[in-house]
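Encoded as structure tokens, the structure appears first; notes follow it.
If you're wondering where the values come from, they're calculated on a predicted model, not measured in any experiment.
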Amino acid sequence: MLNRIKQYILGSNEYKKKSLHVVFEELNTIRKNTNYLAICPQNTQGNWLGIKRGTLALFGDSTFCIDQYYSNQVYSDDELNIITQTILELQFESCFLRGFPPYFEKIINALSKGNINIWVLYAGPVSEFNEEKKRNNFSKIISLAQDKKIHGIGFNKMGLPEVVNKLYKVKTHRYILKAPTINFSSEEKYTGINIGVFGGKTFNKNIHSQVMAGLSVSDEAKVHVMDNKSFDYLQMNNRIIGKNGYLNHSSFLKELSKMSINTYLAFSESWGNVIMESASVGVPCLTTANNGIYNFSDELKRNLVVENYDDINEIKNKIKTVLEKRSELKPLLLEYCETVNLEADRILSDLLKV
């Protein structure tokens, strides 16, 4: 924390922000190509990276990544007002804000004075409301909707749009994310059985069970994680491979592609980018039914959804079964990416009409 404060005060490469001139150019370029704008926070290494990846995958060149440092505002209030005024002057019909760092409320208050439909696209599940910050953010978003400062709220989590609409009488919609476009060959593999467990460290991501299950597949199996320091207690450091805590997106996709199988078995999840990212490189990824990602394919759901995902032995057995089928699953996964992307486009089209 002290390091973060020091860097924030003194400035660092991660803290530097684009000039307003560059911001204006980006916004003008987006407006020339589309009548809607997506805004997401810029990541600081792994912080906000998932939100940024998902937003870019869904909105592509319509995305404006606003600079920040972790969740801290780096543009002054006056600069934020200039940026929002520019957005209004460009006459975007809709604006989608994904994620909700504190200064997004200022952006919404400014944009709500113009003639623009504002959607907040909420990314997480209700299980994360054990954190006070996330409870407060949810409450603020509901209030913004009730005060008619935003047009509606999009939720990634199944079932949440219907319940929030019922409880608060605000406009809601579900959205889903796309698989990324791959610009490299995904044929390179690590030797032997290699299992990727690339969920976050929080309790709900369930990564310790997945690591133990992966190690038990065979005595030679290796498990790859973002940071292996948390797994010293297993006394198998030679078989648990860390990635130093962070990889840029291109490197991360290449790591996914080198695996025999990936797993993303969170106790609670709204979507989970890793699952579709793994599919996009043709590598099967085990998951749970609570995110709905494989809902558009009965075959993939049957093969890749683990029912008892708190049962380590069941995870192990499912991994072994899928390893035997991975060559026949690869074309299904690549085809499935196209299915999901078409569905995401259809839902986005619906959102623009609501």
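Side chains of Asn194 and Ile261 form no contact here, defined as non-hydrogen atoms less than 4.5 Å apart. Contact of the Ile207 side chain with the Phe231 side chain is registered, since non-hydrogen atoms from C-beta on lie closer than 4.5 Å. Residues Ile39 and Phe104 have side chains in contact (heavy-atom distance under 4.5 Å, counting atoms from C-beta outward). Under the 4.5 Å side-chain criterion, counting only non-hydrogen atoms from C-beta, Cys65 is in contact with Lys52. Taking 4.5 Å as the limit, some side-chain heavy atom of Leu351 sits within range of a side-chain heavy atom of Phe96. No side-chain heavy atom of Thr287 sits under 4.5 Å from any side-chain heavy atom of Val274. Looking only at side-chain heavy atoms (C-beta outward), Thr288 and Val305 stay at 4.5 Å or farther from each other. A heavy-atom distance below 4.5 Å is not found between the side chains of Trp271 and Lys157.
Between Leu144 atom CG and Ser112 atom OG the span is 8.0 Å, to the nearest 0.5 Å. Distance CZ/Arg53 to CG/Leu253: 7.0 Å, rounded to 0.5 Å.
Through ILVMFWY side-chain contacts below 4.5 Å, Leu334 is grouped with nothing and stands alone. Summarising the hydrophobic clusters (Ile, Leu, Val, Met, Phe, Trp, Tyr; side-chain heavy atoms under 4.5 Å, direct or chained), the residues clustered with Leu49 are Tyr246.
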Item to check | Verdict with reasoning, Asn204 to Thr202, per side-chain hydrogen bond (donor to acceptor under 3.5 Å, both in side chains) | outcome: CA-CA 6 Å; Asn204 66 307; Thr202 54; 2.7 Å; yes
Next on the checklist: Checking Lys325 against Glu328 for the salt bridge (charged side-chain N to carboxylate O under 4.0 Å, His left out) test, could you report, in this order, the C-alpha distance in whole Å, the side-chain angles of both residues, the deciding distance, and whether it holds?
Outcome noted: CA-CA 6 Å; Lys325 295 183 174 182; Glu328 63 189 76; 5.5 Å; no
Next on the checklist: Determine whether Val225 and Ile241 satisfy the following criterion, side chain to side chain contact (heavy atoms under 4.5 Å, CB included), listing intermediate values before the conclusion.
Outcome noted: CA-CA 6 Å; Val225 295; Ile241 316 301; over 6 Å; no
Item to check | side chain to side chain contact (heavy atoms under 4.5 Å, CB included) assessment of Leu27 paired with Leu37 | outcome: CA-CA 8 Å; Leu27 292 172; Leu37 174 70; 4.0 Å; yes
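The shortest heavy-atom contact between Leu265 and Gln210 is N-OE1, 3.1 Å. Here the shortest heavy-atom pairing between Val197 and Thr263 reads CG2-OG1, 3.5 Å. In terms of heavy atoms, Asn206 sits closest to Asp310 at OD1-OD1, 4.5 Å. Heavy atoms only, all atoms of each residue included: Phe155 and Val164 are closest at CZ-CG2, 3.7 Å. The two residues Cys95 and Ile116 come nearest to each other via the heavy atoms CB-CD1, 3.7 Å. What you find for Ile141 and Ile150 is that their closest heavy atoms are O-CD1, 3.8 Å.
Using a 4.0 Å cut-off between charged nitrogen and carboxylate oxygen, Lys330 and Glu187 count as a salt-bridge pair.
In summary, the side chains of Glu269 and Tyr264 do present a donor paired with an acceptor at a separation below 3.5 Å, with no hydrogens or angles considered. Side-chain contact of Ser127 with Ser268: a donor-acceptor pair under 3.5 Å is present, judged by distance alone. Of the N and O atoms on the side chains of Ser94 and Trp119, not one donor lies less than 3.5 Å from an acceptor on the other residue. Side-chain polar atoms of Asn248 and Ser250 form no donor-acceptor pair below 3.5 angstrom. For Lys149 and Asn109, the side-chain atoms include at least one donor-acceptor pair closer than 3.5 Å. For the residue pair Lys106 and Gln73, a side-chain donor N or O sits within less than 3.5 Å of a side-chain acceptor on the partner. With no hydrogens or angles considered, no side-chain donor-acceptor pair links His173 and Asp350 at under 3.5 Å.
Relative orientation of the Tyr309 and Phe267 rings is tilted, given thresholds of 30° and 60° on the angle between their planes. Ring pair Phe129/Phe138 is tilted by interplanar angle, where 30° to 60° counts as tilted.
At distances below 3.5 Å, at least one donor-acceptor pair connects side-chain atoms of Thr55 with backbone N or O atoms of Ile51. Checked by atom type and distance alone, the side chain of Asn273 pairs as donor or acceptor with a backbone atom of Gly50 at under 3.5 Å. At least one donor-acceptor pair closer than 3.5 Å links the side chain of Ser218 to the backbone N or O of Ala221. At least one donor-acceptor pair under 3.5 Å links the side chain of Asn156 to the backbone N or O of Tyr175.
For residues 133-148, the side-chain hydrogen bond (donor to acceptor under 3.5 Å, both in side chains) pairs, not counting sequence neighbours, are Glu128-Lys134. Applying the salt bridge (Lys or Arg N to Asp or Glu O under 4.0 Å) test to every pair with at least one member in residues 222-248, sequence neighbours left out, gives these pairs: Lys201-Asp227, Asp227-Lys229, Lys243-Glu255. Judged as a salt bridge (Lys or Arg N to Asp or Glu O under 4.0 Å), the pairs with a partner in residues 168-183 (not counting sequence neighbours) are, in order, Lys178-Asp345.
In the hydrophobic clustering of this structure, Met259 groups with Phe184; members are Ile, Leu, Val, Met, Phe, Trp, Tyr whose side-chain heavy atoms approach within less than 4.5 Å, directly or through other members. Hydrophobic clustering (ILVMFWY, side-chain heavy atoms < 4.5 Å, transitive): Leu177 and Met158 are in distinct clusters.
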In residues 295-302, what donor-acceptor pairs under 3.5 Å come from side-chain atoms, sequence neighbours left out?
residue : atom : partner : partner atom : Å
Asn295  : OD1  : Lys301  : NZ           : 3.4
Ser297  : OG   : Leu300  : N            : 3.1

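A 6.0 Å sphere centred on CD of Gln91 holds no more than 12 heavy atoms belonging to other residues, nucleotides or ligands. Environment of NZ in Lys254: sparse, with no more than 12 heavy atoms of neighbouring residues, nucleotides or ligands closer than 6.0 Å.
For the pair Arg31 and Tyr36, the NZ or CZ position fails the cation-pi test of under 6.0 Å to the six-membered ring centre and within 45 degrees of the ring normal.
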